[in-house]
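Heavy-atom basis, side chains included; hydrogens, waters and symmetry copies ignored. Since the structure is predicted, the reported quantities are computational estimates derived from the model, not experimental observations.
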Amino acid sequence: MKTQQRYRLNPYWSVCLTLLCTQANGADESMTADLWKLKLTPQVTYVGFGGSKLRSDMVSTGLYFDAQYSDIGGIAGGSTYTQLNYKGSISTLNQAAEFLSGRLNVKQDFLPGRLSLSLDGHQINNDDSSNESDDVQVLAPQLSFLNNSQWFYADLGYAVSFYGKSSDGNGSLSVQQWTPTLGFGFNNNYDWLQLRLYDVNISNPLRTLHDHTDAVEIKLTHYFSPKSIWIPHSVTIGGLAGNRMYAVDSDTKLVYNLADEQKGGGFLAAQWKLSGHYLVTLSAGSDIYQTQDKANGNQYTYTGTFGYLGVTKQW
């Protein structure tokens, strides 16, 4: 197994840290601890691949944190470690991914709601022998709006991703992504519908099946008022239609850095409030992928069926 490498702070992380430090230094020194809301979430994901000629399964474990200060803004971050197991004699791929995020609510009087700015930075390192999924840096800013009645939401997200130079002679790669999003609450906001477009442009078609993909993600969430901890606080059903590659997901803070094309999928998630301090989230679903069979040059599809467990401690 190749030892995980550590790199010096790159410019994209520096921008994120500058944003966070500016926010912290500008805050009043008389801040009290009870104005902070803190969350810590250990999590685990398992993916089993069906119909793949190369991949067997994947296990990912991680730890995320979130710190919100009053109604002003907050910071978040986390780290995950992933093992992707292949079939036959192909060595396991080991990957470490980290992210850091800052957000700030902007004071303004010209809009009937809250305007927010956020900035995410991602770094991914693994022992991919081709180097095509390794040494990844992502910078992802987002501008969002939520109206005062909290039934309408809109955002515009952008992400630029840089990948390491291929050791197989396929050159370097950069990816630009736009993600306009709309959200609507109804049924007294007990139901929430979110629609997001993924428009992805890829600089180097030698590294991918396409140089441009489009997909639409749909999520519908229903909130309950349970009288028992066994009844979920919320249930979400979602799906993806279209084609998506090298996506950056601002909700889950995931970067899809492997080159296979996602052709669609669906999931079901539920969240339980065990107490005022603990949340449990379970999710399961399946995605369809298309990839290139390098042995004969043909394309084929396979599935990835996943399960997720996250436990959140709140202060």
Side-chain angles (χ1 to χ4, degrees), residues 39-66 76 78-87 90 92-99 122 124 126 133 192 194 196 198 215 217-224 226 228-241 244-275 278-291 301-314:
K39 296 180 181 180
L40 191 65
T41 305
Q43 57 187 22
V44 61
T45 303
Y46 174 82
V47 184
F49 298 105
S52 174
K53 298 179 181 180
L54 295 177
R55 299 180 183 178
S56 176
D57 59 13
M58 183 173 71
V59 179
S60 179
T61 57
L63 182 65
Y64 285 11
F65 77 88
D66 186 280
S79 178
T80 59
Y81 174 71
T82 300
Q83 286 187 306
L84 174 58
N85 299 309
Y86 290 95
K87 296 178 179 179
I90 303 176
T92 297
L93 185 143
N94 299 278
Q95 176 170 288
E98 295 88 24
F99 87 92
H122 298 265
I124 300 174
N126 61 36
S133 64
W192 186 265
Q194 178 175 294
R196 173 171 289 158
Y198 283 85
E217 182 184 62
I218 304 173
K219 295 180 183 179
L220 178 61
T221 301
H222 178 74
Y223 295 93
F224 298 89
S228 169
I229 62 172
W230 303 108
I231 300 176
H233 171 257
S234 65
V235 172
T236 301
I237 185 170
L240 183 82
R244 190 174 76 167
M245 299 181 68
Y246 292 115
V248 180
D249 190 325
S250 61
D251 291 340
T252 61
K253 307 301 182 185
L254 291 177
V255 178
Y256 293 82
N257 61 308
L258 301 179
D260 293 354
E261 179 181 4
Q262 190 176 359
K263 304 287 289 184
F267 74 92
L268 180 66
Q271 187 175 82
W272 287 263
K273 283 188 174 182
L274 302 185
S275 68
Y278 288 95
L279 299 174
V280 173
T281 303
L282 289 174
S283 179
S286 185
D287 296 306
I288 301 172
Y289 296 94
Q290 186 173 63
T291 190
T301 60
Y302 66 94
T303 60
T305 302
F306 66 88
Y308 166 90
L309 170 64
V311 180
T312 300
K313 165 67 174 176
Q314 300 182 127

Side-chain heavy atoms of [X] within contact of [Y], under 4.5 Å:
X: Asn94; Y: Tyr81; answer: yes
X: Leu258; Y: Arg55; answer: yes
X: Asn257; Y: Asn126; answer: yes
X: Thr236; Y: Phe267; answer: yes
X: Leu240; Y: Asp287; answer: no
X: Leu282; Y: Trp272; answer: yes
X: Phe224; Y: Val235; answer: yes

Would you give the length of the straight line joining atom [atom1] of [X] to atom [atom2] of [Y], rounded to the nearest 0.5 angstrom?
X: Leu84; Y: Gln95; atom1: CG; atom2: CD; answer: 8.5 Å
X: Asp57; Y: Thr92; atom1: CG; atom2: OG1; answer: 9.0 Å
X: Met58; Y: Tyr86; atom1: CE; atom2: OH; answer: 10.0 Å
X: Leu54; Y: Asn85; atom1: CG; atom2: CG; answer: 13.0 Å
X: Tyr64; Y: Thr312; atom1: OH; atom2: OG1; answer: 12.0 Å
X: Leu254; Y: Thr80; atom1: CG; atom2: OG1; answer: 7.5 Å

| message | What verdict does the side-chain hydrogen bond (donor to acceptor under 3.5 Å, both in side chains) test give for Thr281 and Gln271, after you've listed the backbone C-alpha separation in whole Å, the side-chain angles of each residue and the deciding distance to 0.1 Å? | response | CA-CA 4 Å; Thr281 303; Gln271 187 175 82; 3.1 Å; yes

| query | Would you say Lys273 has more than 12 foreign heavy atoms packed within less than 6.0 Å of its NZ? | reply |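 Count not over threshold, so no.
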
| request: For atom NZ of Lys39, decide whether the heavy atoms of other residues, nucleotides or ligands shown that lie under 6.0 angstrom number more than 12. | output: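 Incorrect, the count does not exceed 12.
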
| query | Which word best sums up how the rings of Tyr302 and Tyr289 line up, parallel for under 30°, tilted for 30 to 60°, or perpendicular for over 60°? | reply | parallel

| said: Between Lys87 and Ser52 (side chain of the first, backbone of the second, donor and acceptor by atom type, cut-off under 3.5 Å), is there such a pair? | reply: yes

For a quick test of reading the model, state the closest non-hydrogen atom pair linking [X] to [Y] and the distance between them.
X: Phe49; Y: Gly304; value: CD2-CA, 4.0 Å
X: Phe306; Y: Val47; value: CB-CG2, 3.8 Å
X: His122; Y: Lys253; value: CE1-O, 3.5 Å
X: Leu93; Y: Ser133; value: CD1-OG, 4.3 Å
X: Thr221; Y: Ser234; value: CG2-CB, 4.2 Å
X: Ala259; Y: Met245; value: O-CE, 2.8 Å

| Under the side chain to side chain donor-acceptor pair (under 3.5 Å) test, which residues partner Gln43, sequence neighbours left out? | Tyr308

| field | Set of residues satisfying ring-ring contact (aromatic ring centres under 6.0 Å, His included) with respect to Phe65, sequence neighbours excluded | value | none

